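First the structure, in the form of structure tokens, and then the observations on it.
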2 protein chains.
Amino acid sequence: MTSNARFAELATLSGDPARASMLFALMDGRALTAAELARVAGITPQTASGHLSRMTAGGLLSVEKQGRHRYHRLATPSVAHMLETIMQVAAELDPDRQRPIVGPRDPALRKARACYDHFAGRLGVALADALVERGHVELTSDAGLLTESGIAFLGEIGIDTGPMLQRRTLRSGRVLCRPCLDWSERRPHLAGAVGAAICTQSMRNGWTRRRDDTRAVLVTPAGERIFRETFGARIE
Amino acid sequence: MTSNARFAELATLSGDPARASMLFALMDGRALTAAELARVAGITPQTASGHLSRMTAGGLLSVEKQGRHRYHRLATPSVAHMLETIMQVAAELDPDRQRPIVGPRDPALRKARACYDHFAGRLGVALADALVERGHVELTSDAGLLTESGIAFLGEIGIDTGPMLQRRTLRSGRVLCRPCLDWSERRPHLAGAVGAAICTQSMRNGWTRRRDDTRAVLVTPAGERIFRETFGARIE
DNA sequence: GCGATGCTACGGCCGGCGCCGTAACGTTCG
DNA sequence: CGAACGTTACGGCGCCGGCCGTAGCATCGC
């Protein structure tokens, strides 16, 4: 029954408030240093270092040495997915937190931000809506599918879906297309390999840019146009 | 930042070994008493009662009074899904536990068991494979979709898909069709509303029966025939 | 080299909580 | 109504682990 122990270990590691803060901060997919993570959690670097060691040993995080810095990131997409589902349960049983006041205060964060490796906020939801409306993807509350027309559309904007389709086996592996509940909009945006590919492509083409110190994502004028004209998305 | 606190609370509640054992036992969707759960966790009923109170207050469980018994069950499908994803991460980072020795020892459990509200084990995987093969559902590693032919097929075996399709909005709600990684077979079986409906129908029609004291599910002779001839599934 | 910086290792304090035993309460049944 | 059973409430013990301070190790810049 060692599987039980693993399970409990993962949950315990995620369950400490300080560690949860750090995991939250890492949900945008970036790699951060111990000092940065200590700051967001409100603890000293020494303490944070201990937490990070435990989470790395437990399989939640992976480390990357670079000079005198050690960058920490979420170990796998599965870990990000796990954190998402816990957040979803947390969101569901907060009946008091109604629509208007939910989520981050920062308007920039509400407009567009990164969620592990894909877009969230109004941008993420609007893109998902547009792709669904045009029949490029099909989404239910917890399942998604990329259609033939979607494959063609992604090809048009320079995304090769070949490698993704390769892995359409039923084994474990990268998610092809999947909804992810947006915690500010309370509606799903696009995650999985398709969501990640769109995010990557947007960054590469200069449609969006990361802002250094936050999860917020900046939509450039070129991006505004592309998202509106090519995707058909309305980000009000 | 109360969302952080909720998150941490949920994870902490799931993180204790004793509580994790109880949650595991409840993963088959049944409602169990404090005494039964105490037995599977290896603690006294008093201690178990305390754990159950906390998990109920925390939103993981719901209670149902019946005479002098109090039955505890998982509060929502989201909770079951959350536990699944944690299990999935746990399974992924166990490199040593290879195919043959993984999962439960009990052969009956490996053959067919309940996973919250749907089938798992070789039965669950075989049914999922058969439905995919005949084009009734489409499954990737983390997304699923019920096809038109699938709707027709379910109708033939007496399952009305109307209510499910009703809720195909993009809001939160019940899952229509979704894969769930099988921890003994390491391949997905069918979860979501479709998986649950098939399980319910099988129980009602006497194709399968629950065994009292375990998660194992008994496939009746009638069930063997139906699954083989109507579903086209091969449970070797 | 030397100091500054980022990070980790170790020791000590202390609060939280998991566990049990005892006890009280409610339900069921004879 | 009283005994038996399931469950919850309370008190006390013990340990795990989060926190910080100090100290030690690597890396970078001068």
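Here is the naming used below: chain letters follow the sequence lines, and residue numbers restart at 1 for every chain. In this text the structure is predicted, and so the values were computed from the model without any measurement.
Look at CE on A:Met22: it is 11 Å from C1' on D:dG18, rounded to the nearest Å. One interatomic measurement links the two molecules: NE2 of B:His69 to P of C:dT28, which rounds to 9 Å at whole-angstrom precision. Nucleotide C:dT5 holds its P atom 17 Å from the CZ atom of A:Arg39, rounded to whole Å. Between B:Gln46 atom CD and C:dC25 atom C1' the separation is 14 Å, expressed in whole Å. Whole-Å rounding puts the B:Glu64 CD to D:dT7 C1' distance at 16 Å. If you take CZ of A:Arg54 and P of C:dA9, they are 14 Å apart, rounded to a whole angstrom. Between the C1' atom of D:dC15 and the CG atom of B:Asp16 lies a distance of 13 Å, rounded to the nearest Å. Nucleotide C:dC20 holds its P atom 7 Å from the CD1 atom of B:Ile43, rounded to whole Å.
The closest side-chain heavy-atom distance from A:Asp16 to A:Arg54 is not below 4.5 Å. Here the side chains of B:Trp207 and B:Val217 are not in contact, with every heavy-atom distance at 4.5 Å or above. By the 4.5 Å heavy-atom criterion applied to side chains, B:Phe7 and A:Leu83 are counted as neighbours. By the 4.5 Å heavy-atom criterion applied to side chains, A:Leu190 and A:Cys180 are not counted as neighbours. Between B:Tyr71 and B:Val63, every side-chain heavy-atom pair lies at or beyond the 4.5 Å cut-off.
Here A:His51 reaches the OP1 or OP2 of D:dC19: one of its side-chain N or O atoms lies under 4.0 Å away. For A:Arg70, no side-chain nitrogen or oxygen approaches OP1 or OP2 of D:dA26 to under 4.0 Å. For A:Ser53, no side-chain nitrogen or oxygen approaches OP1 or OP2 of C:dT8 to under 4.0 Å. In terms of phosphate contacts, A:Thr47 brings no side-chain nitrogen or oxygen within less than 4.0 Å of OP1 or OP2 of D:dC19. The side chain of A:Thr44 places an N or O atom within less than 4.0 Å of a non-bridging phosphate oxygen (OP1 or OP2) of D:dC20.
For B:Gln201 (side chain) and B:Ile198 (main-chain N/O), no donor-acceptor pair under 3.5 Å exists by modelled atom type.
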Please tabulate the protein-to-nucleotide N/O contacts below 3.5 Å involving nucleotides 27-30 of chain D, giving atom names and distances.
from, atom 1, to, atom 2, distance (Å)
D:dT27, O3', A:Arg68, N, 3.4

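One side chain, B:Ser78 or A:Glu92, offers a donor N or O that lies under 3.5 Å from an acceptor on the other.
Listed nucleotides: C:dT8, D:dT8, C:dG18. Nearest to the side chain of A:Ala34: C:dT8.
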